[in-house]
Amino acid sequence: MVAVHRDWSPFVVSAPGKVILFGEHAVVYGKAAIAGSLDMRAYALVTPRTDNKARMVLPDIGVDVLFDSHTLPLLSGTELSHPSEVEALVPSSISIPEGPGRTAVLTFVYLYGCIFAESDRTTGFTLCVRSLLPVGAGLGSSAAFNVALSATLLQLTGQLQEEGVSASDSKLINQWAFHGEQVAHGTPSGIDNSVATYGGFLKYIKGEPSVNLESTHALRVLITNTNVPKSTKALVAGVRALRDRYPSVVDGILDSIDSVSTTAATLFQSTSEAEETLEQQMQDIIRINHGLLSTLGVSHASLERVREVTAARNLASKLTGAGGGGCALTLIPNGMASGDVDVVARELEAEGFHCYQTVVGGGGVAIARNVDGKATVEQWLADTMEQHNSPADGDDGNVYGRAVAGFATLPAAAIAVLKPE
């Protein structure tokens with residue numbers, strides 16, 4: 001494959017967010033966790049420039065940085081003991097913003113420095129990334145960005161195949177995205193970038209390769225962001241302190257959570273059970289998993305309120321992620337009309353929460369090459385969200401009609417407004 005140096009068309013990369021379904025906190029102690037991809041995605045438009053500069057625009061967090069490619073460091077991977085140390089190599093001419101933009105700029109410098117050889121740096125481009133994933137909500141916004149960025153840089157340097165995303169492409173993208181996550185988080189588990197790369201459902205055990213469950217059972221869910229700040233570090237430390245005081249008791253709880261994750265993996269891989277039976281079993285283990293996590297002290301009044309509101313309509317909910325606030329996940333039965341889900345969402349939003357109707361288990365990273373067009377991104381988003389929140393034609397509202405991979409690619413007609421001036 002030949003690196004893209006001169007004539008190339010705009011292209012779009014997208015990657016999904018993630019949600020931890022089962023196994024939170026127990027995963028720290030070598031137990032299994034199950035995660036799935038969200039059809040809320042980050043999407044990156046890449047357009048050519050006539051110079052050799054690289055511009056990164058992140059309108060959602062107010063970042064717009066122009067890099068001179070020849071001032072960015074050339075990295076072989078041996079200059080730093082860890083990717084998170086890249087700031088020491090950032091040229092003084094580059095202003096590093098505070099907040100989420102800081103991590104994004106440092107990640108770009110590191111990945112560009114490693115992936116772009118000196119001979120590749122005649123390729124100028126503008127990268128504009130937009131996302132439907134809230135930042136800091138535990139839904140994998142960082143990993144989706146890193147997967148999209150890694151795929152972009154690998155595509156520009158000709159390291160990916162010319163059509164689709166192959167297994168070898170995915171492996172390469174995932175490796176570099178993990179390094180991006182190291183810049184952002186120091187010692188990430190790797191599950192977030194794996195979900196954003198491969199999509200679907202993954203089983204993860206610390207220190208072992210993730211296992212793609214290759215399930216055909218996509219889940220319809222309501223994600224509720226309680227908007228309560230949390231400290232993952234403090235919550236993990238709290239569970240550890242509880243285990244130090246009552247090791248046999250807490251180990252029993254962790255083993256039970258592991259059994260929940262193992263049961264979930266079996267359900268996702270099942271081909272014989274009826275959907276209705278699988279749905280009921282999934283509701284059961286969601287309730288069990290939340291109860292076990294609550295006994296570890298990682299729930300929160302806001303999360304319990306989500307559980308109470310949804311339980312009143314016979315829906316199963318649990319915390320997702322570290323707990324202590326953050327987000328909750330509610331399983332929506334396939335037979336529940338979208339209008340009824342809207343009613344539940346309004347009740348939760350009246351509590352000060354934010355809700356997202358979405359699907360878990362869709363596709364991973366996708367690349368749409370040679371795109372062009374004039375329609376606005378706003379119209380595209382409106383059309384796509386209408387599709388995602390409406391029943392399929394002729395189902396009378398009883399069958400969930402949203403496409404699992406609805407944000408897999410940005411249509412050709414949505415380019416003009418995304419492209420920065």
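Given the structure is predicted, the values throughout are model-derived calculations rather than measurements.
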Trainee: What's the shortest heavy-atom distance between S299 and L319, and which atoms?
Mentor: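 Nearest pair, atom of S299 first, then L319: CA-CD2, 4.0 Å.
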Trainee: Would a 4.5 Å heavy-atom cut-off, applied to side chains only, mark D192 and S142 as touching?
Mentor: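 D192 vs S142: side chains apart.
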Trainee: For the pair F108 and F125, name the ring-plane relationship: parallel under 30°, tilted 30 to 60°, perpendicular over 60°.
Mentor: tilted
Trainee: With rounding to the nearest 0.5 angstrom, report the CG to CG distance, N174 to D169.
Mentor: 12.5 Å
Trainee: K31 and side chain to side chain donor-acceptor pair (under 3.5 Å): which partner among T262, D255, D258?
Mentor: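 Filter result, single survivor: D255.
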Trainee: Could you tell me whether the side chain of K318 and the main chain of L21 form a donor-acceptor pair under 3.5 Å?
Mentor: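 At least one qualifying donor-acceptor pair exists.
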Trainee: If you define the side chain from C-beta out and look only at heavy atoms, does anything of L235 sit under 4.5 Å from H25?
Mentor: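 In short, these two side chains touch, coming nearer than 4.5 Å.
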Trainee: Considering the options T277, L278, D284, which one meets the side-chain contact (heavy atoms from CB on, under 4.5 Å) requirement together with Q280?
Mentor: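 The single option meeting the side-chain contact (heavy atoms from CB on, under 4.5 Å) with Q280 is D284.
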Trainee: Mark yes or no for whether R313, through its side chain, and D340, through its backbone, hold a donor-acceptor pair below 3.5 Å.
Mentor: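 No: the side chain of R313 does not pair with the backbone of D340.
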Trainee: Between L267 and I285, is a side chain to side chain contact (heavy atoms under 4.5 Å, CB included) present by the stated rule, with each step listed?
Mentor: CA-CA 11 Å; L267 290 176; I285 61 174; 3.9 Å; yes
Trainee: Identify the heavy atoms of P16 and V365 that sit nearest to each other, and give their distance.
Mentor: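 The answer is CD-N, 4.2 Å.
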Trainee: Just wondering, do V19 and V221 contact through their side chains at under 4.5 Å, heavy atoms?
Mentor: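 Side chain of V221 against side chain of V19, heavy atoms only: no contact under 4.5 Å found.
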Trainee: Please step through side chain to side chain contact (heavy atoms under 4.5 Å, CB included) for the pair W176 and H179, ending with a clear verdict.
Mentor: CA-CA 5 Å; W176 283 113; H179 291 313; 3.7 Å; yes
Trainee: Within the side chain of S215, is there an N or O that forms a donor-acceptor pair under 3.5 Å with the backbone of F268?
Mentor: yes
Trainee: Check whether any side-chain heavy atom of V165 lies under 4.5 Å from a side-chain heavy atom of L160, and answer yes or no.
Mentor: no
Trainee: Does V306 form a side chain to side chain contact (heavy atoms under 4.5 Å, CB included) with T226? I'd like the steps, not just the answer.
Mentor: CA-CA 8 Å; V306 174; T226 66; 4.3 Å; yes
Trainee: Does H290 offer a backbone N or O that forms a donor-acceptor pair with the side chain of S294 under 3.5 Å?
Mentor: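 Not at all, since once roles are kept as given, no pair shorter than 3.5 Å links the two residues.
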Trainee: Around H185, counting heavy atoms of other residues, nucleotides and ligands shown, do more than 12 lie under 6.0 Å from its NE2?
Mentor: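 Above 12, so yes.
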Trainee: Would the distance check show the side chain of E279 and the main-chain N or O of N334 forming a donor-acceptor pair, the cut-off being under 3.5 Å?
Mentor: yes
Trainee: Between CG of L329 and CG of N289, what distance do you get to the nearest 0.5 Å?
Mentor: 10.5 Å
Trainee: Can you measure from CG (L254) to CG (L292) and round to the nearest 0.5 angstrom?
Mentor: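 Here the interatomic distance stands at 9.5 Å.
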Trainee: Tell me yes or no: between the side chains of R307 and S317, is some donor less than 3.5 Å from an acceptor?
Mentor: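 No, no side-chain donor-acceptor pair sits under 3.5 Å.
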Trainee: Indicate yes or no: does E349 engage R346 in a salt bridge with an N to O separation below 4.0 Å.
Mentor: no
Trainee: Heavy atoms, side chains only, cut-off 4.5 Å: are M336 and L315 in contact?
Mentor: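 Counting from C-beta outward, M336 and L315 do come under 4.5 Å.
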Trainee: Grab the two heavy atoms, one from S210 and one from L202, that are nearest each other, plus how far apart they are.
Mentor: CB-CD1, 4.2 Å
Trainee: In Å, rounded to the nearest 0.5 Å, how long is the span from CZ of R55 to CG of L127?
Mentor: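 Between R55 CZ and L127 CG, I get 11.0 Å after rounding to 0.5 Å.
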Trainee: Find out whether Y198 and K171 are in side-chain contact, i.e. whether some heavy atom of one side chain is under 4.5 Å from a heavy atom of the other.
Mentor: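 Yes, close enough: below the 4.5 Å cut-off.
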Trainee: Kindly say whether G364 contributes a backbone atom to a donor-acceptor pair with the side chain of R41 at under 3.5 angstrom?
Mentor: yes
Trainee: Is there a side chain to side chain contact (heavy atoms under 4.5 Å, CB included) between L219 and F201 once you walk through the steps?
Mentor: CA-CA 10 Å; L219 296 182; F201 299 97; 4.2 Å; yes
Trainee: Listing request: all salt bridge (Lys or Arg N to Asp or Glu O under 4.0 Å) pairs with a residue in residues 235-249, at least two apart in sequence or in separate chains.
Mentor: R243-D251
Trainee: Can you pull the salt bridge (Lys or Arg N to Asp or Glu O under 4.0 Å) pairs that have at least one residue in residues 139-159, sequence neighbours excluded?
Mentor: none
Trainee: Would you confirm whether N193, through its side chain, and A143, through its main-chain N or O, come within 3.5 Å as a donor-acceptor pair?
Mentor: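 Not confirmed, N193 side chain does not pair with A143 backbone.
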Trainee: How about I286 and F22: do any of their side-chain heavy atoms sit closer than 4.5 Å?
Mentor: yes
Trainee: State, to 0.1 Å, how close L348 and C355 come at their nearest heavy-atom pair, and which atoms those are.
Mentor: CB-SG, 3.6 Å
Trainee: Does the side chain of V239 reach to within under 4.5 Å of the side chain of Y29, using non-hydrogen atoms?
Mentor: yes
Trainee: With rounding to the nearest 0.5 angstrom, report the CG to CE distance, D64 to M56.
Mentor: 9.5 Å
Trainee: If you take all heavy atoms of G23 and I257, which pair is closest and at what distance?
Mentor: CA-CG2, 3.6 Å
Trainee: Quick check against the 3.5 Å criterion: does E24 have a side-chain atom that pairs as donor or acceptor with the backbone of A322?
Mentor: no
Trainee: Just verifying a value: how many Å separate I115 CD1 and S150 OG, rounded to the nearest 0.5 Å?
Mentor: 5.5 Å
Trainee: Between S37 (side chain) and G199 (backbone), is there a donor-acceptor pair under 3.5 Å?
Mentor: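 Such a contact is absent between S37 side chain and G199 backbone.
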Trainee: Give a yes or no on whether the backbone of A35 and the side-chain of K203 come within a donor-acceptor separation of less than 3.5 Å.
Mentor: no
Trainee: Please name the pair of heavy atoms, one in A32 and one in S261, separated by the smallest distance, quoted to 0.1 Å.
Mentor: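 In this case the closest contact between A32 and S261 is O-OG, 3.0 Å.
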